[in-house]
Asks: 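Here's a structure for you.
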Amino acid sequence: MSACPDYARIPAVFNGRCPCPVRRAASHNTFSFYAIPPILRSIMERYEDSQLYRIRHSTAHIMAQAVLERFPEAKIAIGPPIEDGFYYDFDLPRALTDDDLKAIEKRMRKIISQGHEFVRKEVSADEARELFAGQSYKLELIDGLEQGGVDEYGEKTDQALVISTYTQDSFEDLCRGPHVANSREINPKAISITFKAPAGAYWRGDENREMLTRIYGTAWETPEQLQEYLNLLEEARKRDHRRLGQELGLFTFNQEVGKGLPLWKPNGAILRDLLERFLRDVQIKRGYEPVITPHIARIALFERSGHYPYYKDSQYSPFEVEGDMFMLKPMNCPHHIHIYRSDLHSYRDLPIRYAEFGTVYRYEKSGELHGLTRVRGFTQDDAHIFCTPEQLEDEFLGVVDLIEFIFNGLGLTDYRARIGIRDPESDKYVGDDANWNKAAQAIIAAADKRGLDYRVEEGEAAFYGPKLDFIVRDVLKREWQISTVQVDYNLPARFELEYVGEDNERHQPIMIHRALYGSLERFVAVLIEHYGGAFPAWLSPVQIVLIPVADRHIEYAEQVAAQLDARGLRVNVDVSSGRIGAKIRTATQQKIPWMLVVGDQDIESGAVSVRLRGGEDLGAIPVENFIEQALAIVNNKSLELQ
RNA sequence: GCCGACGUAGCUCAAUCGGCAGAGCAAGCGCCUUGUAAGCGCUAGGUUAUGGGUUCAAGUCCCAUCGUCGGCUCCA
């Protein structure tokens with residue numbers, strides 16, 4: 001992230017939104033897909049045609065019926081299918097209780113089993129208004145449908161829309177369908193609305209409008225599928241980086257320190273430091289030069305860059321020092337720019353690549369904070385490349401190559417690429433159209449040349465330029481922007497950057513902002529969840545634990561540990577008074593890659609009995625042999641333990 | 001920030017209708033001397049997030065604040 005860019009979390013398109021083409025992500029017109037292979041994507045595209053989709057859509061209607069029966073004065077909004085289920089938004093007279101949900105769910109099962117037909121009817125706008133008199137949200141939808149250009153989800157469409165309703169039992173809803181023909185197609189034992197708490201949601205996603213109550217539901221074809229889904233949620237909960245961060249002693253938060261301000265414990269700091277070293281070494285080989293800059297700067301710096309005026313709301317308040325105003329830096333680029341400016345550069349010097357693990361601070365609203373993935377102070381693996389127009393494409397591709405190299409090296413495969421361009425209707429961007437177009441074309445051309453599978457999305461650019469982002473999803477299916485590469489003509493102009501060309505004239509360089517991990521905080525969170533805490537050996541905070549069988553074996557264990565330590569392996573000795581089984585259990589729960597049991601037989605043969613965290617027993621191995629094997633795995637950054 | 005739920009020992013949780021704050025794990029001490037996912041005993045650990053209020057009596061009810069969680073919104 002650059003910086004400027006953002007490491008920031010992008011909205012989880014899945015959350016509350018449907019992955020099928022019926023719905024688009026709210027902030028742009030380009031439908032987004034996820035990190036799925038094209039072959040699966042073709043299946044995804046047909047989600048809205050599937051029986052599962054109809055089941056969910058129809059179950060949503062039945063839920064609305066049950067809610068209206070319980071709260072006759074309730075107003076209904078919309079209720080689309082989403083990935084793994086559906087929701088329906090209501091304006092309710094009071095907050096829902098668990099008992100309400102249980103009763104509604106019970107009633108839904110009853111309605112389903114009664115076998116009601118879903119009957120479609122086409123109506124005129126006026127007829128629809130009559131049908132939904134008093135239902136203000138529906139009336140608003142009808143207006144949009146009648147006037148055209150806005151579909152029932154409040155989003156723009158070119159299609160001429162027919163107004164239709166579907167009726168089952170006593171409930172009629174404004175809806176385009178499709179639905180099941182009869183509620184008997186729904187398995188009443190394969191639905192649930194109590195699996196997830198109701199939540200608030202703004203009408204039409206607009207924070208200036210009414211806050212509605214959203215009830216989430218899930219529905220499957222069989223009870224077994226439902227159970228499988230619930231099991232999956234439970235598994236995801238176990239992999240949650242916040243939980244594992246606590247269990248593995250990686251990081252903590254403290255109320256007195258402040259929310260959104262992570263404290264890295266020793267184990268977490270080791271992990272993070274290893275990631276930093278890994279990238280630093282690779283970067284040096286690829287021609288990056290380390291730079292270091294302070295955490296604050298005069299506000300004037302950010303006024304010139306454009307950050308302050310454009311993104312005031314997400315920055316911390318300025319503070320006065322000797323009559324001058326300063327602020328915590330929300331990004332590193334302006335600092336790096338002044339390093340560039342401190343010397344006169346020849347075209348022969350370019351490209352110049354400055355890299356820094358730069359800590360930045362951004363104000364995030366309290367409700368937006370989330371573990372390590374959304375915090376208020378974080379460290380970016382930030383770099384800025386200053387290059388000539390001729391070098392731009394190669395430099396850009398070099399960054400993409402580096403990103404994929406790092407991702408592959410860490411076993412990260414589940415990501416998608418996105419090219420973010422300006423929202424043509426927004427004014428929160430700096431620079432002129434020509435520069436923006438040049439930059440966007442450069443990115444698209446480079447991505448095509450690389451053969452990247454990407455989506456172009458409007459409104460996802462940085463404020464000074466378009467970008468290519470790599471996005472992953474966490475266990476809760478929230479999407480997070482990790483890597484970003486941005487082409488920037490604007491900051492070089494604002495800071496009047498130059499280099500002397502071959503023609504002996506002054507020219508303006510182009511900047512590439514880039515971050516691979518994005519923020520170390522977020523990236524570590526993603527890695528924790530990706531590996532479920534069982535990191536590759538080279539990243540494991542503790543790689544080996546020595547387990548003496550009895551107290552008389554502690555001395556030998558300490559000797560072996562010293563040998564391992566001398567070879568650079570991170571090792572502990574479990575000297576607790578527990579049985580061996582307890583020590584194995586503890587080490588396994590801590591996801592320590594290698595457990596070395598040492599007892600009389602091992603001492604006699606100068607060996608260790610090796611057990612892997614997955615439970616594999618490799619038997620007795622001479623100490624030196626084990627060291628060589630372990631070192632090979634660690635030094636190769638192998639993702640496997642054997 | 002908004003809607004809702006929640007906050008009890010380091011961690012995970014219990015405490016009936018408002019009636020003596022408890023357990024497991026972890027920790028400390030001791031016993032056992034162990035061969036591949038929990039050996040045994042003892043001890044310590046608390047202003048029940050914080051501040052007010054109601055009540056003879058508050059972990060429990062009410063208000064505010066702080067924090068956490070699920071969503072929404074935002075996300076340079």
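In what follows, every chain begins at residue 1, and chains take the letters A, B, ... in the order their sequences are listed. The model shown is predicted, which means the values in this text are computed figures rather than measured ones.
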Asks: Taking only Lys NZ, Arg NE, NH1 and NH2, and the carboxylate oxygens of Asp or Glu, determine whether A:E140 and A:K75 approach each other closer than 4.0 Å.
Replies: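 A:K75 and A:E140: not salt-bridged.
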
Asks: Separation of A:Q255 atom CD from B:C69 atom C1', in whole Å?
Replies: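 Rounded to whole Å, this separation is 14 Å.
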
Asks: Starting from P on B:C74, measure out to CG on A:L369 and report it in whole angstrom.
Replies: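 Rounded to whole Å, this separation is 16 Å.
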
Asks: So, are A:D206 and A:R204 salt-bridged, with charged N and O less than 4.0 Å apart?
Replies: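 Judged by the 4.0 Å cut-off on N to carboxylate O distance, A:D206 and A:R204 do not form a salt bridge.
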
Asks: Tell me if a side-chain donor or acceptor on A:T484 pairs with a main-chain N or O of A:A515 at a distance below 3.5 Å.
Replies: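 No; zero donor-acceptor contacts below 3.5 Å.
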
Asks: Who is the Watson-Crick or G-U wobble partner of B:C13, with both distances under 3.5 Å?
Replies: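 Here B:C13 is engaged in a pair, and the nucleotide opposite it is B:G22.
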
Asks: Applying a 4.0 Å non-hydrogen cut-off, can you work out what A:D98 is touching in the nucleic acid: base, sugar-phosphate, or nothing?
Replies: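 Nothing, no nucleic acid heavy atom in range.
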
Asks: How close or far is atom P of B:U36 from atom CG of A:L596, stated in whole angstroms?
Replies: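 Atom-to-atom, A:L596 to B:U36, this comes out as 16 Å.
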
Asks: Can you check whether any acceptor in the base of B:G71 is under 3.5 Å from a donor in the side chain of A:Y87, or vice versa?
Replies: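 A donor-acceptor contact between them is absent.
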
Asks: With sugar-phosphate meaning primed atoms plus P, OP1 and OP2, does A:Q246 contact a base, only sugar-phosphate, or nothing at under 4.0 Å between heavy atoms?
Replies: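 Sugar-phosphate, backbone atoms only, no base.
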
Asks: Determine, using ring centers only, whether A:Y216 and A:F195 are less than 6.0 Å apart.
Replies: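 No; A:Y216 has its ring centre 6.0 Å or more from that of A:F195.
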
Asks: Rounded to the Å, how far apart are A:D551 CG and B:G39 P?
Replies: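 Rounded to the whole Å, the gap is 14 Å.
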
Asks: Which part of the nucleic acid, if any, lies within reach of A:A199 when heavy atoms closer than 4.0 Å are counted: base, sugar-phosphate only, or nothing?
Replies: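 Base contact - A:A199 has a heavy atom under 4.0 Å of at least one base atom.
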
Asks: What integer distance in Å separates A:R214:CZ from B:G4:P?
Replies: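 Interatomic distance, CZ of A:R214 to P of B:G4: 16 Å.
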
Asks: Let's test your reading of the model: under 3.5 Å, does the base of B:C75 pair with the side chain of A:R362 as donor and acceptor?
Replies: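 Between B:C75 and A:R362, which were checked side chain against base, a qualifying N/O pair under 3.5 Å is absent.
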
Asks: One thing to verify: whether A:E234 and A:R237 come together as a salt bridge, which I'm taking to mean a side-chain N less than 4.0 angstrom from a carboxylate O.
Replies: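 A salt bridge is present here (some side-chain N lies under 4.0 Å from a carboxylate O).
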
Asks: So what does A:S609 hit on the nucleic acid, given a heavy-atom distance under 4.0 Å: a base, only sugar-phosphate, or nothing?
Replies: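 Base: the residue A:S609, judged by heavy atoms under 4.0 Å, touches a nucleobase.
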
Asks: Describe the nucleic acid contact of A:S577 in one word from base, sugar-phosphate, nothing, applying a heavy-atom distance below 4.0 Å.
Replies: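 Here A:S577 touches the bases of the nucleic acid.
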
Asks: To the nearest Å, give me how far apart CG (A:L96) and C1' (B:G70) are.
Replies: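 Atom CG in A:L96 sits about 14 Å away from atom C1' in B:G70.
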
Asks: What is the distance, to the nearest angstrom, from the NZ atom on A:K102 to the P atom on B:A5?
Replies: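 Taking atom P of B:A5 as the reference, NZ of A:K102 is at 15 Å.
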
Asks: What contact category does A:G367 fall into here, base, sugar-phosphate, or nothing, at under 4.0 angstrom with non-hydrogen atoms?
Replies: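 Answer is base: heavy atoms of A:G367 come under 4.0 Å of a base.
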
Asks: When the C1' atoms of B:A64 and B:G22 are considered, how many whole Å apart are they?
Replies: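 Between the two C1' atoms, the distance is 30 Å.
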
Asks: Is there a ring pair (Phe, Tyr, Trp, His ring centres under 6.0 Å) between A:F90 and A:Y88? Walk through the geometry before answering.
Replies: CA-CA 7 Å; A:F90 303 92; A:Y88 211 113; 5.1 Å; yes

Asks: Would the base of B:C2 count as contacting A:R209 through its side chain, where contact means a donor and an acceptor less than 3.5 Å apart?
Replies: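 Between B:C2 and A:R209, which were checked side chain against base, a qualifying N/O pair under 3.5 Å is absent.
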
Asks: What is the nucleic acid contact for A:G205, judged by heavy atoms within less than 4.0 Å: base, sugar-phosphate only, or nothing?
Replies: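 The residue A:G205 makes sugar-phosphate contact but no base contact.
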
Asks: Expressed as a whole number of angstroms, how long is the span from A:R585:CZ to B:U36:P?
Replies: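 Checked: the CZ to P distance equals 16 Å.
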
Asks: What about A:D600: does its side chain form a donor-acceptor pair under 3.5 Å with the base of B:G35?
Replies: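 A donor-acceptor contact between them is absent.
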
Asks: Distance check, P atoms only: B:G46 and B:U34, in whole angstrom units.
Replies: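 Going atom to atom, P in each nucleotide, I get 38 Å.
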
